[in-house]
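Notes for the one structure printed next.
The analysis underlying the following values was restricted to heavy atoms, covering all of them including side chains, and did not include hydrogens, waters or symmetry mates. Naming: A, B, ... by sequence-line order, numbering from 1 per chain.
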Number of protein chains: 2
Amino acid sequence: MSARSIPEATVGRLPVYLRALVEMAENGASTTSSEERAAAAGVNSAKVRKDLSHLGSYGTRGVGYDVAYLIHQVRRELGLTQDWPIVIVGVGNLGHALANYRGFAERGFRTAALVDAEPAKVGEVVGGLPIRPVDDLPEIVRANPGAMGVICTPASEAQKVADLLVASGVRSILNFAPVVLQAPPGVSVRKVDLAVELQILAFYEQRNAALADVKRRGRAVADLARV
Amino acid sequence: MSARSIPEATVGRLPVYLRALVEMAENGASTTSSEERAAAAGVNSAKVRKDLSHLGSYGTRGVGYDVAYLIHQVRRELGLTQDWPIVIVGVGNLGHALANYRGFAERGFRTAALVDAEPAKVGEVVGGLPIRPVDDLPEIVRANPGAMGVICTPASEAQKVADLLVASGVRSILNFAPVVLQAPPGVSVRKVDLAVELQILAFYEQRNAALADVKRRGRAVADLARV
DNA sequence: CAGTGTGAACCTTTTCACAGCA
DNA sequence: TGCTGTGAAAAGGTTCACACTG
């Protein structure tokens with residue numbers, strides 16, 4: 001089947017497949033099976049096949065997928081045939097790290113500008129780019145069509161910054177501030193909350209500990225019974 | 001209904017509810033409705049009610065939820081009645097930022113140790129903690145029961161580090177390296193991949209641009225028709 | 001009577017299992 | 001023969017709508 005409206009769950013996995021495919025290509029492989037892809041992405045092979053089938057029929061029955069061609073198709077589908085400009089707003093701890101992060105450039109993103117509300121920071125050069133004032137945002141976005149906003153401010157400033165980004169024409173926002181942003185329809189917002197991830201882990205850690213506890217007690221009881 | 005096996009999707013939202021609740025409590029509110037919680041968390045109220053009902057019946061019909069009591073219950077459910085120690089492995093750009101991130105401490109996590117494989121880095125103090133050699137991991141984990149590992153190494157080192165963490169007794173790992181980790185059953189792994197988030201945004205950005213394009217053409221056609 | 005708690009309907013996602021093709 | 005592509009079944013998650021209660 002040809003494309004049309006790829007499921008959200010699939011969109012979320014395509015980047016993961018892509019990276020594994022690129023790594024595989026670098027190692028010189030030219031063909032791969034869904035089974036192999038599944039192992040590399042930590043999912044099962046039926047999922048890989050169904051996901052890839054949403055892009056079109058790019059596999060060969062009995063053989064597998066052509067790595068280079070599949071990379072091309074996934075890139076095209078994700079809109080990674082062009083480099084996207086990103087604007088980092090808030091150059092504190094995290095913004096600093098992201099400005100220096102080489103992984104963005106390697107995977108299709110170009111840091112176009114750094115912005116901070118703090119006048120004292122303006123002008124400072126981080127990762128080869130000067131920090132600019134917040135007022136420059138409309139101009140920055142105009143000069144970088146399709147620019148995506150990356151919010152690294154404290155929670156208290158994040159909504160204001162988001163509004164500013166939207167007013168400047170940004171339609172995609174990646175939010176690292178620990179707050180739920182409101183945005184008008186047509187604007188995509190994704191959130192990464194580091195503490196939330198740890199809290200989710202805490203839930204399972206606690207549950208596993210409790211489980212281990214039950215097992216231990218169970219064994220104790222069994223031991224008693226054995227006497 | 002009382003607890004027993006809370007759905008994964010709910011577990012993922014509880015931390016979000018928790019933060020909004022804490023903020024609300026700080027502002028002095030003592031009671032809240034599912035409608036209000038929904039607005040704060042960016043979901044709908046039915047979802048909030050169903051999610052909270054998994055913890056037990058902690059609301060009052062016709063009134064709402066007691067903020068302080070609900071905070072307590074959510075914390076208890078997530079296992080946040082204790083502070084969890086975390087060990088950051090890989091003190092590069094990102095590890096540095098995380099070591100200095102105050103948000104962890106504010107939400108129940110205590111950075112117990114920093115570790116790096118680079119001998120040159122060992123001993124350097126970051127965020128008040130000395131960087132320790134990788135060999136210290138078993139000892140660190142023994143001294144900090146329930147410690148969670150945070151992997152901030154390059155992709156090439158991540159699996160080795162994960163194996164080491166698991167061998168040292170860690171059962172919860174937060175992975176920032178852009179690679180899918182293999183871990184034995186019983187070990188929880190969560191992954192945060194910054195470029196993946198941007199790539200997902202790129203997909204929708206591209207699709208929206210295409211959509212706007214269709215609309216624009218549509219209007220152009222309409223304009224022609226009008227002539 | 002306002003707002004929770006929850007069956008039931010609905011929708012999305014995952015998994016199964018196998019027909020069909022190189 | 002081996003592996004893709006995909007209907008169909010199952011599982012999981014969301015939303016509806018309303019009985020129930022403080």
Please name the pair of heavy atoms, one in A:Gly79 and one in B:Gln206, separated by the smallest distance, quoted to 0.1 Å. CA-OE1, 3.2 Å
Could you pull out the protein-nucleic contacts involving nucleotides 18-22 of chain D (nitrogen or oxygen on both sides, under 3.5 Å)?
from   : atom 1 : to      : atom 2 : distance (Å)
D:dC20 : O2     : B:Arg61 : NH1    : 3.2

Would you kindly give the CG-to-P distance between A:Leu52 and D:dG5, to the nearest whole Å? 8 Å
Report yes if the side chains of A:Leu14 and A:Leu18 come closer than 4.5 Å at any heavy-atom pair, otherwise no. no
Going from OG on B:Ser188 to CG on B:Leu174, what distance comes out if it is rounded to the nearest 0.5 angstrom? 11.5 Å
Just the rounded figure in Å: distance from P of C:dT13 to CD1 of A:Ile6. 12 Å
B:His54 NE2 to C:dT4 P: how many Å, rounded? 16 Å
To the nearest angstrom, how far is B:Tyr17 atom OH from C:dT4 atom P? 13 Å
By nearest-heavy-atom nucleotide on DNA chain C, the more 5' of A:Asn44 and B:Ser34 is B:Ser34
Euclidean distance, atom CG of residue A:Leu55 to atom C1' of D:dT4 [Å, nearest integer]: 14 Å
Using distance alone, with no hydrogens and no angle criterion, decide if B:Glu23 and B:Asn27 have a side-chain donor and acceptor under 3.5 Å apart. no
N-O pairing of A:Arg13 and A:Asp51 below 4.0 Å: yes
Separation of B:Arg13 atom CZ from D:dG12 atom C1', in whole Å? 12 Å
When rounded to the nearest 0.5 angstrom, what is the spacing between CZ in A:Arg171 and CG in B:Leu201? 12.0 Å
If the plane angle is over 60° it's perpendicular, under 30° parallel, otherwise tilted; pick one for A:Tyr101 and A:Phe104. perpendicular
Would you mind telling me which residue lines up with the more 5' stretch of DNA chain D, A:Gly64 or B:Lys47, judged by nearest nucleotide? A:Gly64
Which residues in residues 196-206 of chain A have a heavy atom closer than 4.0 Å to any atom of DNA chain D? none
With heavy atoms under 4.0 Å as the rule, sort A:Arg37 into base, sugar-phosphate or nothing. nothing
Protein-nucleotide distance (B:Glu35, atom CD; D:dC16, atom P), rounded to Å: 12 Å
Using the side-chain heavy atoms of A:Tyr65, tell me which of these nucleotides is nearest: D:dG5, D:dG13, C:dT14. D:dG5
Quiz item: B:Lys50 side-chain donor-acceptor pair to D:dT15 base, under 3.5 Å: yes
Classify the nucleic acid contact of A:Glu8 as base, sugar-phosphate or nothing, counting any heavy atom under 4.0 Å across all strands shown. sugar-phosphate
Do B:Val43 and B:Tyr17 have side chains that approach each other closer than 4.5 Å (heavy atoms only, starting at C-beta)? yes
Around B:Gln82, counting heavy atoms of other residues, nucleotides and ligands shown, do more than 12 lie under 6.0 Å from its CD? yes
